[in-house]
Student: 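This is the structure I want to talk about, given as structure tokens.
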Amino acid sequence: MMKKRALMLLLAFVFMFATACGNQSESTNESKDKGSNEKVKLNMWVFGSTGYEKLAEEYMKNNPNVEIKIQSTQFDDHHNALFTALSAGSGAPDIAMIEVNNIERYREAQDRFYNLYDFGAKDIKDKYLDWKWRIGESADGNFLFGLPTDIGPTAMFYRADVFEAAGLPTDPAEVAKLIPDWNAYAEVAATIKEKTGKPIADNVELVYNALRDQAPVQYFNEKEELLIEKEPYIKQAYDYTVSLIQKGYLGSNGLWTPEWGNAMEKGSYATLLAPAWMQGVVKGNAPNSAGKWLITNMPGGAGNWGGSYLTIPKESKHPQEAYDFIQWLVAPEQQLKSFKDMGLFPSAPSVYEAPEFKDYKDEYFGGVNTAQVFAEAAQKVKTVYMGKNYTLVQGEIIKALTNVQKKKADPEKEWKEAIKRIKRQLERQ
């Protein structure tokens with residue numbers, strides 16, 4: 001009797017335990033089902049006019065479980081806010097856009113970002129220009145900070161009316177043959193100065209930048225060692241720019257100033273060495289100069305100025321969903337949409353074969369297929385390591401060139417002083 005009672009109690013206990021477990025499992029499943037209906041919310045920080053809001057709407061329509069909120073601020077404010085949030089360890093978004101030069105600023109904060117190679121980014125690597133992809137990697141190539149968005153391949157904008165006044169050809173193909181390299185550029189500068197009294201270019205910075213960006217190495221190597229005294233390229237770019245300054249071939253308008261914009265409209269100089277995104281700047285500053293500004297190849301090759309990457313800070317609680325979205329956003333199909341809608345130049349070369357790209361013409365620039373000009377330039381760009389103190393060195397060299405032009409300072413003395421300032425600041429890092 002006692003054994004029978006004990007058995008009945010045991011069976012009752014087992015039944016109660018099984019029922020409790022079943023209820024718990026049911027409750028858990030209900031929780032999972034409820035959770036699956038909740039939207040994953042992604043915050044994304046960008047700068048400038050990207051048009052990504054429109055693409056995000058398209059993505060959310062096809063992925064109703066994802067909600068994307070995009071915050072756009074000014075360039076400097078954006079990067080400063082991101083740097084502050086990452087340093088504090090709180091307040092960073094799920095997705096952050098970082099401009100190509102500024103990405104060097106975050107290399108020492110690699111642990112604050114997800115490695116996009118962990119999400120399978122190597123599977124899409126071949127879809128993008130090699131040099132563009134490599135800038136988004138760590139020095140050893142094992143860590144990927146961000147997926148590539150647009151780029152800024154450079155070409156030569158020129159005033160056909162100024163060339164004509166100087167007795168020079170004006171057709172883009174003929175101008176490209178006339179100025180294949182930097183020696184020819186200096187010769188044309190002499191002709192334009194003699195015949196029209198106008199400078200060949202708007203300011204010292206863009207000329208120097210154009211030569212700098214064609215160099216196989218620039219300021220630093222992957223070990224963050226300063227190269228400008230060891231390698232000849234930067235000094236050569238400096239000396240060439242100085243030679244044009246001393247001959248009076250360069251203007252002195254500061255970039256982004258009203259004077260700089262007015263000179264664009266008036267045709268006060270002959271060429272503008274600039275990236276693809278400068279097309280919108282020219283149209284905005286010189287609305288009455290349609291057909292006077294044309295575009296052709298840059299002397300000596302090409303460089304890159306601008307473009308960005310999409311990163312995922314470690315604070316994101318939804319890195320997989322964030323990666324899925326940015327992979328879609330930078331896919332060739334979406335890059336073509338961004339080019340057509342906002343003029344963002346694609347970093348995915350397959351887009352260059354699209355009919356909309358091959359047949360593209362810009363009537364403002366005399367009906368030139370500007371897309372093809374910049375596509376050819378994009379494929380000439382060299383892979384260059386920039387270094388975390390890139391902007392520091394750049395600022396000191398431009399300061400030296402400005403002193404040579406505006407203060408008639410001795411070029412060699414200015415170069416040596418710039419080197420001293422650079423080294424002094426690097427020692428404090």
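Along the sequence shown, residues are numbered consecutively beginning with 1. The model shown is predicted, which means the values in this text are computed figures rather than measured ones.
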Student: If only atom types and distance count, is the side chain of Thr149 paired as donor or acceptor with the main-chain N or O of Ser308 below 3.5 Å?
Tutor: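 Yes; at least one donor-acceptor contact below 3.5 Å.
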Student: For the residue pair Thr370 and Gln279, confirm or rule out a side-chain donor-acceptor distance under 3.5 Å.
Tutor: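 The answer is yes; a qualifying pair exists.
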Student: Tell me the closest heavy-atom pair linking Glu137 and Arg107, and the distance in Å.
Tutor: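 That closest heavy-atom pairing would be O-NH1, 2.6 Å.
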Student: Assess whether atom CD of Gln379 is packed by more than 12 heavy atoms of other residues, nucleotides or ligands within 6.0 Å.
Tutor: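 Yes, the 6.0 Å shell around CD holds more than 12 heavy atoms from other groups.
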Student: Please say whether the positively charged group of Lys283, taken as NZ for Lys or CZ for Arg, lies over the ring of Phe365, i.e. under 6.0 angstrom from the six-membered ring centre and within 45 degrees of the axis.
Tutor: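 Pair Lys283/Phe365 does not count as cation-pi.
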Student: Going through the distances and angles, do Arg212 and Tyr238 end up as a side-chain contact (heavy atoms from CB on, under 4.5 Å)?
Tutor: CA-CA 9 Å; Arg212 176 206 64 197; Tyr238 177 87; over 6 Å; no
Student: For the residue pair Tyr185 and Tyr240, does the interplanar ring angle fall in the parallel (under 30°), tilted (30 to 60°) or perpendicular (over 60°) class?
Tutor: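 Rings of Tyr185 and Tyr240: tilted, 30 to 60°.
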Student: Between Ser316 and Asp94, what is the shortest heavy-atom contact and its length?
Tutor: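 Smallest heavy-atom distance, with atoms named: OG-OD1, 2.7 Å.
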Student: Could you tell me whether a side-chain N or O of Thr154 sits under 3.5 Å from a main-chain N or O of Gly303, the two making a donor and an acceptor?
Tutor: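 Yes; judged by distance alone, with no hydrogens or angles, the pair exists.
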Student: Go through the side-chain N and O atoms of Glu99 and Asn102 and say whether any donor and acceptor fall under 3.5 Å apart.
Tutor: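 Checked: Glu99/Asn102 side chains pair up, N/O donor to acceptor below 3.5 Å.
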Student: Could you label the plane-to-plane angle of the Tyr106 and Phe113 rings as parallel, tilted or perpendicular, counting under 30° as parallel and over 60° as perpendicular?
Tutor: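 The rings of Tyr106 and Phe113 stand perpendicular, inter-plane angle above 60°.
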Student: Please assess Lys54 against Glu57 for the test side-chain contact (heavy atoms from CB on, under 4.5 Å), listing each intermediate value before the final yes or no.
Tutor: CA-CA 5 Å; Lys54 182 178 178 181; Glu57 289 293 335; 5.8 Å; no
Student: Apply side-chain hydrogen bond (donor to acceptor under 3.5 Å, both in side chains) to Gln320 and Asp324, showing your working.
Tutor: CA-CA 6 Å; Gln320 183 62 58; Asp324 292 342; 2.9 Å; yes
Student: Indicate yes or no: does Glu229 engage Lys423 in a salt bridge with an N to O separation below 4.0 Å.
Tutor: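 Looking at Glu229 and Lys423, the cut-off is met.
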Student: Indicate whether any N or O donor in one side chain lies under 3.5 Å from an N or O acceptor in the other, for Gln394 and Asn209.
Tutor: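 Side-chain D/A pair, Gln394 to Asn209: present.
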Student: Measuring centre to centre across the rings, with the benzene-like ring taken for any Trp, is His79 within less than 6.0 Å of Phe83?
Tutor: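 No, the ring centres sit 6.0 Å or more apart.
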Student: Please report whether the ring centroid of Tyr360 lies less than 6.0 Å from that of Tyr352.
Tutor: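 Centroid distance Tyr352-Tyr360: not below 6.0 Å, so no.
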Student: Kindly check if the number of other-residue, nucleotide or ligand heavy atoms within 6.0 Å of NZ (Lys420) is above 12?
Tutor: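 Result for NZ/Lys420: open.
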Student: As an exercise, state the distance from CZ of Phe163 to CG of Asp171, rounded to the nearest 0.5 Å.
Tutor: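 Output value for this atom pair is 12.0 Å.
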Student: Report yes if the side chains of Glu265 and Asn288 come closer than 4.5 Å at any heavy-atom pair, otherwise no.
Tutor: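 Heavy-atom side-chain distance check passes, below 4.5 Å.
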Student: Measure the CG-CG distance between Leu426 and Leu392 for me, rounded to the nearest 0.5 Å.
Tutor: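 Going from CG on Leu426 over to CG on Leu392, the span is 5.5 Å.
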Student: So, the side chain of Ser72 versus the backbone of Gly48: is there a donor-acceptor pair under 3.5 Å, distance only?
Tutor: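 It does hold such a pair.
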Student: Would you check if the side chain of Glu315 reaches a backbone N or O of Ser90 as a donor-acceptor pair within less than 3.5 Å?
Tutor: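 Checking the backbone N and O of Ser90 against the side chain of Glu315, a donor-acceptor pair under 3.5 Å is found.
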Student: So, the side chain of Gln236 versus the backbone of Leu211: is there a donor-acceptor pair under 3.5 Å, distance only?
Tutor: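 No, Gln236 side chain to Leu211 backbone: no donor-acceptor pair under 3.5 Å.
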Student: Which class fits the ring pair Phe145 and Phe143: parallel under 30°, tilted 30 to 60°, perpendicular over 60°?
Tutor: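 Rings of Phe145 and Phe143: perpendicular, as their planes differ by over 60°.
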Student: Going by the ring-ring contact (aromatic ring centres under 6.0 Å, His included) test, which pairs reach into residues 117-136, not counting sequence neighbours?
Tutor: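 Residue pairs passing ring-ring contact (aromatic ring centres under 6.0 Å, His included), neighbours aside: Tyr114-Phe119, Phe119-Tyr323, Tyr128-Trp133.
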Student: Tell me whether Lys127 at atom NZ has more than 12 heavy atoms from other residues, nucleotides or ligands lying less than 6.0 Å away.
Tutor: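 Open.
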Student: With a 6.0 Å cut-off (strictly less than), is the heavy-atom count around CZ of Arg134, excluding the residue itself, greater than 12?
Tutor: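 No, CZ of Arg134 has 12 or fewer neighbouring heavy atoms, counting only those of other groups under 6.0 Å.
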Student: Give a yes or no on whether the backbone of Asn65 and the side-chain of Asn63 come within a donor-acceptor separation of less than 3.5 Å.
Tutor: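 A pair under 3.5 Å: no.
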Student: In the structure I gave you, are the side-chain heavy atoms of Trp293 and Leu272 within less than 4.5 Å of one another anywhere?
Tutor: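 Yes, at least one pair of side-chain atoms sits under 4.5 Å.
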Student: Taking the side chain from Lys198 and the backbone from Gly267, do they hold a donor-acceptor pair closer than 3.5 Å?
Tutor: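 Pair found, side chain donor or acceptor close to backbone of Gly267.
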Student: Verify whether one side chain among Glu58 and Asn62 offers a donor that lies under 3.5 Å from an acceptor in the other.
Tutor: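 No, no side-chain donor-acceptor pair sits under 3.5 Å.
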Student: Which value, rounded to the nearest 0.5 Å, describes the distance between Ser289 atom OG and Met264 atom CE?
Tutor: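 It is 10.0 Å, given to the nearest 0.5 Å.
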Student: Around Gln74, counting heavy atoms of other residues, nucleotides and ligands shown, do more than 12 lie under 6.0 Å from its CD?
Tutor: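 At most 12 heavy atoms, drawn from other residues, nucleotides or ligands, come within 6.0 Å of this atom.
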Student: Within a radius of less than 6.0 Å around CD of Glu108, do more than 12 heavy atoms belonging to other residues, nucleotides or ligands occur?
Tutor: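 Open.
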Student: Determine yes or no for a side-chain-to-main-chain donor-acceptor pair under 3.5 angstrom, with Gln425 supplying the side chain and Arg421 the backbone.
Tutor: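 Yes.
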Student: Is there a side-chain contact (heavy atoms from CB on, under 4.5 Å) between Asn297 and Val373 once you walk through the steps?
Tutor: CA-CA 7 Å; Asn297 301 335; Val373 173; 4.2 Å; yes
Student: Minimum heavy-atom separation for Gly146 and Thr311, please, with both atom names.
Tutor: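 Shortest heavy-atom separation between Gly146 and Thr311 comes out as CA-CG2, 4.0 Å.
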Student: Atom CG in Asn389, atom CG in Leu226: separation rounded to 0.5 Å?
Tutor: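 Reported to 0.5 Å precision, the distance equals 9.5 Å.
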Student: Between Arg424 and Glu427, does any NZ, NE, NH1 or NH2 come within less than 4.0 Å of an OD or OE carboxylate oxygen?
Tutor: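 Looking at Arg424 together with Glu427, the answer is no, because their closest N to O distance does not fall below 4.0 Å.
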Student: On a heavy-atom basis, which atom in Ser347 and which in Lys132 lie closest, and how many Å separate them?
Tutor: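 Taking every non-hydrogen atom into account, CB-CG, 3.9 Å.
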Student: Measure the spacing between CZ of Phe47 and CG of Asp76 and express it to the nearest 0.5 Å.
Tutor: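 Rounded to the nearest 0.5 Å, the CZ-CG separation comes to 10.0 Å.
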Student: Can you label the angle between the Tyr59 ring and the Trp328 ring as parallel, tilted or perpendicular, going by 30° and 60°?
Tutor: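 It falls in the tilted class, 30° to 60°.
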Student: Pairing donors with acceptors under 3.5 angstrom, does anything connect the side chains of Asp202 and Trp260?
Tutor: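 Yes.
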Student: For Ala375 and Phe345, work out which heavy atoms get closest and say how close.
Tutor: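 Scanning both residues, the minimum pair turns out to be N-CZ, 3.3 Å.
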Student: Counting N and O atoms only, with roles assigned by atom type, does the side chain of Lys235 sit under 3.5 Å from a partner on the main chain of Ile228, one being a donor and the other an acceptor?
Tutor: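 Side chain of Lys235 to backbone of Ile228: no pair is present.
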Student: Do Trp415 and Val242 pass the side-chain contact (heavy atoms from CB on, under 4.5 Å) test, and can you show the C-alpha distance, the side-chain angles, and the key distance before you say yes or no?
Tutor: CA-CA 11 Å; Trp415 173 259; Val242 164; over 6 Å; no
Student: Scan side-chain atoms only and decide if Thr391 and Arg105 contain a donor-acceptor pair under the 3.5 Å cut-off.
Tutor: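 On atom types as modelled, these side chains do not qualify, holding no pair under 3.5 Å.
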Student: Which distance, rounded to the nearest 0.5 Å, do you find between the CD of Glu396 and the CD1 of Ile419?
Tutor: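 Answer rounded to 0.5 Å: 10.0 Å.
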Student: Donor-acceptor pair, distance only, cut-off 3.5 Å: does the side chain of Asn221 make one with the backbone of Glu225?
Tutor: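 The answer is yes, because a donor-acceptor pair under 3.5 Å joins these two groups.
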Student: Please find the pair of heavy atoms, one from Leu144 and one from Asn115, that lie closest to each other, and give the distance.
Tutor: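 What the structure gives for the nearest pair is N-OD1, 2.9 Å.
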Student: Give me each pair satisfying ring-ring contact (aromatic ring centres under 6.0 Å, His included) with a member in residues 186-220, each pair once, sequence neighbours excluded.
Tutor: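 Non-adjacent pairs meeting ring-ring contact (aromatic ring centres under 6.0 Å, His included): Tyr219-Tyr390.
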